[in-house]
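The figures here come from the full heavy-atom set of this structure, side chains too, leaving out hydrogens, waters and symmetry mates. A note on names: the letters A, B, ... follow the listed sequences, proteins ahead of strands, and every chain is numbered from 1.
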There are 2 protein chains.
Amino acid sequence: MYTNLINHIRRYIELDDDTIDILNKYIKPVNLKKKDFLLKEGQVCRSIYFVEKGCLRMFFVNDKMSEQITQFALENWWISDFFSFIDNKPSGYFIQTVEKSEILSIDTSSFEMMLKELPQMERYFRIVMQRALAASQLRAKYMYELTKEEFYTHFCGSFPEFVQRVPQYMIASYLGLTPEYVSELRKKKL
Amino acid sequence: MYTNLINHIRRYIELDDDTIDILNKYIKPVNLKKKDFLLKEGQVCRSIYFVEKGCLRMFFVNDKMSEQITQFALENWWISDFFSFIDNKPSGYFIQTVEKSEILSIDTSSFEMMLKELPQMERYFRIVMQRALAASQLRAKYMYELTKEEFYTHFCGSFPEFVQRVPQYMIASYLGLTPEYVSELRKKKL
DNA sequence: ACCATTTCTTAAACCAGCTTAATTTTTTTG
DNA sequence: CAAAAAAATTAAGCTGGTTTAAGAAATGGT
């Protein structure tokens, strides 16, 4: 069970069957249908989430009352509002499924206990965080150097499967463009 | 020696004197004057850097041949091109001192050996990476929700000492604005 | 103190991408 | 399958922030 997570951990550290059993004590599976919420604005984000199957989005509601998506998570991605998770502060975000999803969740206290019982997991999470940071540095670089049109084209070229799977207006929101402008860009490309 | 680094590590994990001695084997101090480079575009970024004293900036040169700053590092910050560091890919960035600085550097192989000899440091770096990720999520949120003018005002309000210490055109670059526009904003505030 | 270099300012013309608002297409649900 | 809801398109007008170009002020080295 949780084959995706186990395989993901095994990319980075050794993991025997006994350790997997221990690990299982700390992990809570959550099955969600489309548009279910894992986190709502104002709540403290008390868990980190791993996507076994499905897709999540993280967004906040801006002053114009429209949803601003800041992150997606597909299979094998961890997602959380780390700011809220680390310091137990109320979150400004929503985390919601984009489609029917199987999520694994580890809450704050399980996370600490798990790391105490299985210190080798510190290494796994160090590497996960380091890679997430590298990804976020890369994304920031693209946002600095590309025009919005180039950013859109580059994104569609890099993640074609993703573009199929997620509604266009969500991609627009994630890239920081209006749906109208994306529409215009698509017309131009044809 | 390296009091800032030692204190920083002690914020997150226990550290006895013997451990510090071991740690020292892996750390290379580098003293730099203003505008010296730690990394140039095209090189593989083979180290992570800790600022004991001073200030670093990380930037790339865009197609208009102007410098786009993506990060600063003051005292007690780690900085690196993690994308290049992790996968040994040539970096697209420069890392340069903004002022005379004392830097501590750990190269790729020292990093791996150090983590093997002192596995408790995995925890320290897991926490450092996690916090860096939280900071980068927060920064991204501001970039999404604020206009450039608000972003500038917010930045100056949040880091007044920093604004003193770093030339205005660098702050403009970091925030993704032109120096001309920052000039206009300042005039407006007075 | 003086010259060279770096940094900051001013102002006008310009444009990428947004807003608004109305219409059409697609998807969801009973 | 039909009605309702959600998502995508179109087009015109507008604006926040850039570009360009020139001059002024601050900083640093000798």
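Taking atom NZ on B/Lys148 and atom C1' on D/dT19, their separation rounds to 14 Å, with Å as the unit. In this structure, B/Tyr144 atom OH and C/dC18 atom P are separated by 13 Å, rounded to whole Å. Between the NZ atom of B/Lys34 and the C1' atom of C/dT6 there is a distance of 9 Å, given to the nearest Å. One interatomic measurement links the two molecules: CZ of B/Phe151 to P of D/dG16, which rounds to 19 Å at whole-angstrom precision. The interatomic distance linking A/Leu146 (CG) with C/dG17 (P) rounds to 11 Å, in whole Å. Taking atom CG of residue A/Leu185 and atom C1' of nucleotide C/dC18, one finds them 12 Å apart after rounding to whole Å. D/dG17 atom C1' lies 14 Å from atom CD of B/Glu150, rounded to whole Å.
For B/Arg57 (side chain) and B/Ile95 (main-chain N/O), no donor-acceptor pair under 3.5 Å exists by modelled atom type.
Relative to the ring axis of B/Tyr144, B/Lys141 does not place its NZ or CZ within 45° and under 6.0 Å from the centre. Within the cation-pi definition used here (under 6.0 Å to the ring centroid, within 45° of the axis), A/Arg139 does not qualify as a partner of A/Tyr142. Taking the ring centre of B/Phe162 as origin, the terminal cationic atom of B/Arg165 falls outside the region bounded by 6.0 Å and 45° from the ring axis.
Exactly one residue among B/Phe125, B/Tyr26, B/Trp78 makes a ring-ring contact (aromatic ring centres under 6.0 Å, His included) with B/Phe111. That residue is B/Phe125.
Classified by interplanar angle (parallel below 30°, tilted 30° to 60°, perpendicular above 60°), the ring pair A/Tyr124/A/Tyr12 is tilted.
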Apply the test side chain to side chain donor-acceptor pair (under 3.5 Å) to residues A/Gln137 and B/Gln71: give CA-CA distance (whole Å), side-chain angles for both, the deciding distance (0.1 Å), then the verdict. CA-CA 9 Å; A/Gln137 275 185 357; B/Gln71 263 185 278; 3.1 Å; yes
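Contact between the side-chain N/O atoms of A/Thr147 and the OP1/OP2 oxygens of C/dA16 is not found at any separation under 4.0 Å.
Ion pair A/Glu180/A/Lys187 not flagged as a salt bridge, since none of the NZ, NE, NH1 or NH2 atoms sits closer than 4.0 Å to an Asp/Glu carboxylate oxygen. Classification of A/Glu99 and A/Lys35 as a salt-bridged pair fails, no side-chain N sitting under 4.0 Å from a carboxylate O.
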Protein and nucleotides 5-11 of chain D: nitrogen or oxygen contacts under 3.5 angstrom:
{"from": "D/dA7", "atom 1": "OP1", "to": "A/Tyr169", "atom 2": "OH", "distance (Å)": "3.2"}
{"from": "D/dA7", "atom 1": "OP2", "to": "A/Tyr169", "atom 2": "OH", "distance (Å)": "3.1"}
{"from": "D/dA8", "atom 1": "OP1", "to": "A/Gln168", "atom 2": "N", "distance (Å)": "3.0"}
{"from": "D/dA8", "atom 1": "OP2", "to": "A/Gln168", "atom 2": "N", "distance (Å)": "3.4"}
{"from": "D/dA8", "atom 1": "OP2", "to": "A/Tyr169", "atom 2": "N", "distance (Å)": "2.8"}
{"from": "D/dT9", "atom 1": "OP1", "to": "A/Arg186", "atom 2": "NH1", "distance (Å)": "3.1"}
{"from": "D/dT9", "atom 1": "OP2", "to": "A/Gln168", "atom 2": "NE2", "distance (Å)": "2.6"}
{"from": "D/dT9", "atom 1": "OP2", "to": "A/Ser183", "atom 2": "OG", "distance (Å)": "2.7"}
{"from": "D/dT9", "atom 1": "O5'", "to": "A/Ser183", "atom 2": "OG", "distance (Å)": "3.0"}

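For the helix from C/dA1-D/dT30 to C/dG30-D/dC1, the rotation axes defined at the first and last 5 base pairs enclose an angle of 70°, given to the nearest 10°.
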